[in-house]
Protein chains: 2
Amino acid sequence: MSVGGKQMLEAQQCCNEVHQEALNDCTEQLPEVVVERLAETFKALADPTRLRILYNLSKRELCVCDLASVLGMTQSAVSHQLRYLKALRLVKNRRDGNTIYYRHDDAHTMGLLQMAIDHSSHVSDEQGVME
Amino acid sequence: MSVGGKQMLEAQQCCNEVHQEALNDCTEQLPEVVVERLAETFKALADPTRLRILYNLSKRELCVCDLASVLGMTQSAVSHQLRYLKALRLVKNRRDGNTIYYRHDDAHTMGLLQMAIDHSSHVSDEQGVME
DNA sequence: TGACTATATGAGTATTTGTTCATATACGAG
DNA sequence: CTCGTATATGAACAAATACTCATATAGTCA
């Protein structure tokens, strides 16, 4: 079981010939909590509705009503997603009378979104030329 | 109920006072196909197992067996996720005898991942100082 | 050929998720 | 107070998901 003197990471043996060299290059793993956090962030961006909400909030502050109108969705559906985004601190809101305005609240995540959007437009351009 | 009149660009009316100025700032929307593509990309990164797979493949080429060992997961679970990632062209593979080696195949998505990882470590540092 | 190995895959399943519907809450104007 | 409006929320439900298990596939080696 113990092969050498060093730390060996055997989590589970699925084949006899475990490539030790490969495992040595992978001793450094992302901490569990970091992985969960990353997945959580990307999951927030992994839904078309939330993407559209954040995209529009990247332009300007908007109330629930306007977002529902722009997205062509029910107020309830939008509100549920806003709660989701707010729990992750990706958006925040302010009240003005009956109206509640939302805006983005996480520059890093918005940066990820913007980067992905920029790339998608580049890809579109290239494909437009190619095909 | 039905207010006699005209509605110009409204997808759905959730409240009477639709803020026209807000809607004017949101005339430009991401194309449906782009939104779906973005969501698809982020969804690939929205799962801890796939994150760890891509993270390890960012270091070096690995076979299914080694990945399973490093992640402490069954060969089947890893293989299913690799198929998922391959369908999205985020990874590609090569065969060497019985062994199939995987590596990453989408610089842009790996860039998104790296950016998110870098940020998370910065945040950790700051929090480490604060608390 | 046949045993052995690494990987792929279909079915089944428990869990998560995004929406709808009905209703609750909070605020402003009478 | 009551009424009207904007938003929030709980329950329910269908669809998507990530795993396990059993088995299939494809290569090596004797």
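Protein chains get the first letters and strands the later ones, always in sequence-line order, with residue 1 at the start of each. Keep in mind that the numbers below use all heavy atoms, side chains included, and drop hydrogens, waters and symmetry copies.
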Completion exercise
Assign each of A/Arg95 and A/Thr49 the nucleotide of DNA chain C bearing its closest heavy atom; nearer the 5' end lies the nucleotide of A/Thr49

Practice task
State which of C/dT7, D/dA8, D/dC19 makes the closest approach to the side chain of B/Met73.
Solution key: D/dC19

Handout entry: Distance in angstrom units between A/Tyr84 OH and C/dT17 P, rounded
Key = 6 Å

Practice task
Return the value, rounded to whole Å, for the distance between atom CD of B/Gln75 and atom C1' of D/dA18.
Solution key: 15 Å

Practice task
In whole angstrom, give the distance that lies between atom OH of A/Tyr101 and atom P of C/dC27.
Solution key: 16 Å

Practice task
Please tell me which of the listed nucleotides, D/dA26, C/dC21, C/dT9, lies nearest to the side chain of B/His80?
Solution key: C/dT9

Problem - Shortest non-hydrogen contact between A/Leu113 and B/Phe42, atoms and distance - result: CA-CZ, 4.3 Å

Handout entry: Atom-pair distance (CG on A/Asn93; C1' on D/dT7), nearest Å
Key = 10 Å

Exercise for the section: Give a yes/no on whether any side-chain N or O of A/Thr74 is located under 4.0 angstrom from OP1 or OP2 of C/dT20. Expected result: yes

Exercise for the section: Look at the side chain of B/Ser76 and decide which nucleotide, out of D/dC21, C/dT19, C/dT7, has an atom nearest to it. Expected result: D/dC21

Practice task
Rounded to the nearest angstrom, tell me the gap between atom NZ in A/Lys43 and atom P in D/dA16.
Solution key: 17 Å

Exercise for the section: Without swapping roles, check the side chain of B/Arg103 against the backbone of B/Glu61 for a donor-acceptor pair under 3.5 Å. Expected result: no

Exercise for the section: Verify the contact: side-chain N or O of A/Gln81 to OP1 or OP2 of C/dT17, cut-off strictly under 4.0 Å; return yes or no. Expected result: no

Exercise for the section: Classify the nucleic acid contact of A/Lys86 as base, sugar-phosphate or nothing, counting any heavy atom under 4.0 Å across all strands shown. Expected result: nothing

Completion exercise
Of A/Leu85, A/Val91, A/Leu90, the one forming a side-chain contact (heavy atoms from CB on, under 4.5 Å) with A/Leu88 is A/Leu90

Exercise for the section: For B/Phe42 and D/dA16, give me the distance from atom CZ to atom P, rounded to whole Å. Expected result: 21 Å

Exercise for the section: Without swapping roles, check the side chain of B/Arg94 against the backbone of B/Tyr101 for a donor-acceptor pair under 3.5 Å. Expected result: no

Handout entry: Backbone of A/Ser76 reached by a side-chain donor or acceptor of A/Ser79 within 3.5 Å
Key = no

Fill in the blank from the handout: Atom CG of B/Asp47 and atom C1' of C/dT16 are separated, to the nearest Å, by 12 Å

Problem - Which nucleotide in D/dA18, D/dA26, C/dG10 has an atom nearest any side-chain atom of B/Arg50 - result: D/dA18

Handout entry: Nucleotide C/dT9, atom P - distance to CZ of B/Arg83 in whole Å
Key = 5 Å

Exercise for the section: Nearest-nucleotide wise, let me know which of A/Ala77 and A/Asn98 is further upstream toward the 5' end of DNA chain D. Expected result: A/Asn98

